[in-house]
Amino acid sequence: MTKLMSIDDAEGMSVDQVHGLYRQYVNKSQVSLMTSFGFGRELVDRAEGAYIYTRDGRRILDFTGGVGVLNHGHNHPRILEARRRFAENGRMEVHKTYFSPYLAALSHNLAAVLPGDLDMSFLPNSGAEAVEGAVKLAYKYHGGRRNSVLRSDISFHGKLLGSGSLTGSSQNHFAFPGIPGVSTFTYDDLDSVRAAVDATRDSKGRSDVYALLIEPFSASTIRWCSEEFLRGVRELCTQEDIILIFDEIYSGWGKTGTMFYFMRHPGLIPDVVTTSKSFGGGKSSISAYVARRPVFRKAYDNLQDALLQSTSTTYYGFGEECATAIEAINVAVEEDFPARARAIESVLGPGLERIAKEHSDIVTEVRGAGALWGAFLGSPGILDLIAKLAPSGLAKDPQFGTKVVTCAVINALYQDHDVYAYYTLNGKNPLVVGPPLVATPDEVEIFLERLERTLASGLPRLVTRFVREKVSSLW
């Protein structure tokens, strides 16, 4: 047998050794993809707050927000302390026939934070599991008598077979089998929803839709639903007895300026809401779906189905995961994460809009809310040139030029200015600015100043440099 590696061995590896093991045991194409950027050619020593510290001594301002995971920042001290106490006290982690005080307290906290009768929780591991659990609950609520589920055309709900079939984004470029009866409506278009519901009616006019799934704020496209749309969908779902599910996996826990995006509209309550990412405080892999009490009870509150609610029977509601999430919620409430997001917005929004005006040849649009914004980049001449030079196969991607431009800016931000940003694969591929909610206004100003300096160097230079370095390995 090959000698096993220890933790010390792992921590002592060079970046070349890490790349080699990834190529051999993980995915060699992932190495080709990520080494196209500076951050793919470095290893991290530690992280704290809004900063990453690399092994070679760089201090990187992390404005990715962990792609939604790090509202609390890296290694928030209260999160670390909660996990330390759990381990030091030797608490029991896994045993499903004992009741967990941590699961009980966490479920209570979710009900306390969410409005109305969103009271009943289930706690799997990932956002995709939470989505699938919510849809499964809706199907069970109707006793299997309905067979259609509606999702929007720009949705992203995960990459499992079920959640992937509920995802209506450009990331789904390969068709896997999935949940049957999935139909699509146009995002933020109430007439489109009504038409999708009407298309399922039987000869007696009865709808066949058991669930409607929507992201009130689409983090992957930086778009959001109007209040009129959300209230209209709520009214329609109530009339038709359709379970309305809000996916707030990314946008929850203060990111867009309210604890959950839908809560900016008083009295608007879905039947189920899903959450994950920052729910675990940046340390715990945990998610939840939280259902209105009458919906949950009709579906699962009987002796025969009491254990049917789970998406897995082993890995849910782990003690340390729940203890971490308990502390994460308390931090989000006590440190007023929604107010932090609004304070970030007051600096970030005007700053991005100023940059867009000053560099209108590069920045076509900026939009966002709270601490989650997108800068849409492109220049017709550069985009046309990239499209002409694109390798065969890549030229078929209508967003190829935009991706190259956005990646070039991200790469320069990182290599020249010690700023870490990312872009989304969905929609129009914006550069996403999503700082952790522990970021200060001064750190937002630093980001803006470095973004402006990056754009000032000119798009032709940025793109030429990026293409020369390694664009051929990106797709």
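With contacts defined as side-chain heavy-atom distances shorter than 4.5 Å, the pair Val444/Phe63 qualifies. Contact check for Phe337 versus Val331: side-chain heavy atoms found under the 4.5 Å cut-off. The closest side-chain heavy-atom distance from Ile245 to Leu137 is not below 4.5 Å. A heavy-atom distance below 4.5 Å is found between the side chains of Arg83 and Ser284. A heavy-atom distance below 4.5 Å is found between the side chains of Leu21 and Met5.
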*Quick one: do Thr406 and Lys403 satisfy side chain to side chain contact (heavy atoms under 4.5 Å, CB included)? Show the steps, please.*
CA-CA 5 Å; Thr406 308; Lys403 290 175 182 177; 6.0 Å; no
### Task
Using the side chain to side chain contact (heavy atoms under 4.5 Å, CB included) rule, take Ser251 and Phe260 through it: C-alpha gap first, then chi angles, then the decisive distance, then the call.
CA-CA 6 Å; Ser251 52; Phe260 290 84; over 6 Å; no
Q | CA sep, side-chain torsions, deciding dist, call: Ile410, Tyr414, side chain to side chain contact (heavy atoms under 4.5 Å, CB included) | A | CA-CA 6 Å; Ile410 290 170; Tyr414 186 84; 5.7 Å; no
Give the C-alpha distance, both sets of side-chain angles, the deciding distance and a yes or no for side chain to side chain contact (heavy atoms under 4.5 Å, CB included) between Tyr289 and Val131.
CA-CA 7 Å; Tyr289 71 75; Val131 167; over 6 Å; no
For Arg84 and Glu81: C-alpha separation, side-chain torsions, deciding distance, then whether salt bridge (Lys or Arg N to Asp or Glu O under 4.0 Å) applies. CA-CA 5 Å; Arg84 183 195 65 78; Glu81 174 62 16; 2.5 Å; yes
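A side-chain N or O of Asp188 and one of Ser226 form a donor-acceptor pair less than 3.5 Å apart. A donor-acceptor pair shorter than 3.5 Å cannot be found between the side chains of His72 and Glu327. In this structure, a donor-acceptor pair under 3.5 Å is absent between the side chains of Thr238 and Glu235. At a cut-off of 3.5 Å, with distance as the only test, no side-chain donor of Arg342 or Ser346 sits close to an acceptor on the other residue. A donor-acceptor pair shorter than 3.5 Å can be found between the side chains of Thr54 and Asp56. No side-chain donor from either of Tyr261 and Glu215 sits under 3.5 Å from a side-chain acceptor of the other.
Residues Leu431 and Ala421 come closest through the heavy atom pair CD2-CB, 4.2 Å. Residues Lys136 and Tyr300 share a closest heavy-atom pair of CG-OH, 3.5 Å. Taking all atoms of both residues into account, the shortest heavy-atom contact from Lys277 to Gly68 is CB-O, 3.3 Å. Heavy-atom minimum distance, Pro430 versus Gly374: CB-CA, 4.2 Å. The minimum heavy-atom distance linking Thr221 with Arg367 is given by the pair O-NH2, 3.2 Å. Closest approach of Asn429 and Tyr423 over heavy atoms only: CB-CD1, 3.9 Å.
Taking a 6.0 Å sphere around CD of Gln17, one finds it holds more than 12 heavy atoms contributed by other residues, nucleotides or ligands. Other residues, nucleotides and ligands contribute more than 12 heavy atoms inside 6.0 Å of the CZ atom of Arg55.
For Glu88 and Arg85, the salt-bridge test fails: no basic side-chain N is under 4.0 Å from an acidic carboxylate O. A salt bridge links Asp9 with Lys3: the closest approach of a Lys/Arg side-chain nitrogen to an acidic carboxylate oxygen falls below 4.0 angstrom.
By the 6.0 Å and 45° rule, Arg46 stacks over the aromatic ring of Tyr53. With a 6.0 Å cutoff to the six-membered ring centre and a 45° limit on the axis angle, Arg234 does not count as a cation-pi contact of Phe246.
Checked against the 6.0 Å centroid threshold, Phe156 and Tyr250 do not count as a close aromatic pair.
Looking only at distances, no side-chain donor or acceptor of Asn75 sits under 3.5 Å from a matching main-chain atom of Glu48.
The ring pair (Phe, Tyr, Trp, His ring centres under 6.0 Å) test with Trp224 singles out one residue from Phe229, Phe217, Phe262, Trp373, and that residue is Phe217. Just one residue in the list Asp119, Asp271, Asp301 forms a salt bridge (charged side-chain N to carboxylate O under 4.0 Å, His left out) with Arg293, and that residue is Asp119.
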